[in-house]
Every structure is written in structure tokens, then in C-alpha cells.
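Worksheet for the structure shown next.
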Amino acid sequence: MAFELPDLPYAHDALASKGMSAETLEYHHDLHHKAYVDNGNKLIAGTEWDGKSMEEIIKGTYDANAVAQNGIFNNISQLWNHNQFWEMMGPGESKMPGELEKALVDSFGSVDKFKEEFSAAGAGQFGSGWAWLVKDTDGGLKVTKTENGVNPLCFGQTALLGCDVWEHSYYIDFRNKRPAYLTNFLDNLVNWENVASRM
């Protein structure tokens, strides 16, 4: 069964007042995300991965020894990443649940320190990629960054929060100011209830 492009969980202009314009979502969701769906479906058709879940395909096609990943991995991993990304943001006021705040303080010393580490990871990712807050295999929280479409599933980690730092995610609204985009993401766009639900 072919994968489908999920609808955004809010209107295209729902995040505009928080720093992510309708134009960005039209390009990012309707064109970029759709391309991963279409290309991924073409690449897996008739292969051993046809009919498998996104998670199975990502874990099964990731090559830890490769500098560049294969086309199936790149498209299906980016499809999964974006499915999570839209859900991790929201238009309403989002208050951080107590259990998440406690976990962040336990792991990073403070929520502000977590935000600093997360922003530094995203800003320091050379080229395209993602910044992540993950629950590691030992149950602790940590900040990571990955290149291109690589995600925490590849390392047995649980993705709690991810921020897309490919240029198409921020260039319309922030031009080349990736650090400003990351600050705005953490301060205005994150749906902290969704993040907490992933723990």
C-alpha cells in the first residue's frame, strides 16, 4: 500500500503570527513533503520494502558506514521526519507539561540550557539536516543533530522534538538567519504537549 501525504494538522496560515508563513507551509508541506511521498513510493514499488512500515524501511535501509544514504532511505526517512515535524508544532498557546519540564531540568540543568543546546545543535549542523531532542536508549534525554534525512530511529532513540534545518524550512521567513529561526521555533512554534506525549 502506497504512502500518502498527510494533511497539515492546522491551516496553512495558522502559524503565520508565530513566524512561519503560509507561503513556507505551501512550499514545505505541499511541494517538498509531497515529493518525498511520491519519490519514496516509486522507489519502493516492487521491492522487498513494498508494504513495510516507514519505521521498518528506515531501520532496514540506513547504512551507518555510508557517507551518502540510498534513495529509498532518503525519501522515506524525510517522509517520516516531516510527518512528525508538523505534529510537533501548533498554532495555540502551548504550556510545557510538568513531567517534560522536570525531565529537561534533570537532563540539562534547566529548560533554558536545553534550548541553548538544541539551538546550538541546529545552528551547528553543517549543510542540511535536523536538530533533535531524543530519549536515548538508557532512558535519558539528550540533544542530537543529524545530516540530511537521518533521524533518531537509526540509533534506537525516540524522537521527542525535531527541527528541520534544511534551507527550505526557514529561508522564506528568515533568509539565512538559521539561529533566529531556531529561537523562534522553540519560543513560539513548539507544541510542548505533543513533545511530552512522546516520552
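Only heavy atoms go into these numbers, but all of them, side chains included; no hydrogens, no water, no symmetry mates.
Under 3.5 Å, the side chains of Gln157 and Thr137 contain no donor-acceptor pair of N or O atoms. Remark: the Gln69 side chain and the Asn74 side chain contain no N/O donor-acceptor pair separated by less than 3.5 Å. When only modelled atom types and interatomic distance are considered, Gln84 and Arg198 share a side-chain donor-acceptor pair under 3.5 Å. A donor-acceptor pair shorter than 3.5 Å cannot be found between the side chains of Trp166 and His32. Between the side chains of Trp132 and Thr146, at least one donor-acceptor pair of N or O atoms lies under 3.5 Å. A side-chain N or O of Gln78 and one of Asn81 form a donor-acceptor pair less than 3.5 Å apart. Using modelled atom types and a 3.5 Å distance limit, the side chains of Asn151 and Ser77 yield a donor-acceptor pair.
In this structure, Thr24 contributes its side chain and Met20 its backbone to no donor-acceptor pair below 3.5 Å. Judged by distance alone, the side chain of Ser119 and the main-chain N or O of Lys115 form a donor-acceptor pair under 3.5 Å.
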Asp187 vs Lys18, salt bridge (Lys or Arg N to Asp or Glu O under 4.0 Å): CA-CA, chis, key distance, verdict: CA-CA 9 Å; Asp187 289 347; Lys18 296 178 151 223; over 6 Å; no
Which is it for His29 and Asp7 under the side chain to side chain donor-acceptor pair (under 3.5 Å) test, yes or no, and what are the steps along the way? CA-CA 9 Å; His29 173 268; Asp7 291 333; 5.8 Å; no
Could you walk me through whether Glu193 and Ser94 pass the side-chain contact (heavy atoms from CB on, under 4.5 Å) check? CA-CA 7 Å; Glu193 291 88 352; Ser94 179; 2.6 Å; yes
Under the criterion salt bridge (Lys or Arg N to Asp or Glu O under 4.0 Å), I'd like the reasoning laid out for Lys34 against Asp30: C-alpha separation, chi angles, the key distance, then a yes or no. CA-CA 6 Å; Lys34 185 175 188 302; Asp30 300 0; over 6 Å; no
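To the nearest 0.5 Å, atom OH of residue Tyr181 and atom SG of residue Cys163 are 3.5 Å apart. Between atom CD of residue Gln125 and atom CG of residue Asn148 there is a gap of 7.5 Å, rounded to the nearest 0.5 Å.
Note: Trp86 and His28 have perpendicular aromatic rings, judged against thresholds of 30 and 60 degrees for the angle between ring planes.
Between Lys113 and Glu117 there is a salt bridge, since at least one side-chain N of the basic residue sits less than 4.0 Å from a carboxylate O of the acidic one.
Between Trp130 and His82, the distance separating the two ring centers is shorter than 6.0 angstrom. Ring to ring, Tyr62 and Phe155 are close: their centroids are under 6.0 angstrom apart.
Counting all heavy atoms, side chain and backbone alike, Asp50 lies closest to Gly46 at OD2-N, 3.0 Å. Closest heavy-atom contact between Ala22 and Ala16: N-CB, 4.5 Å.
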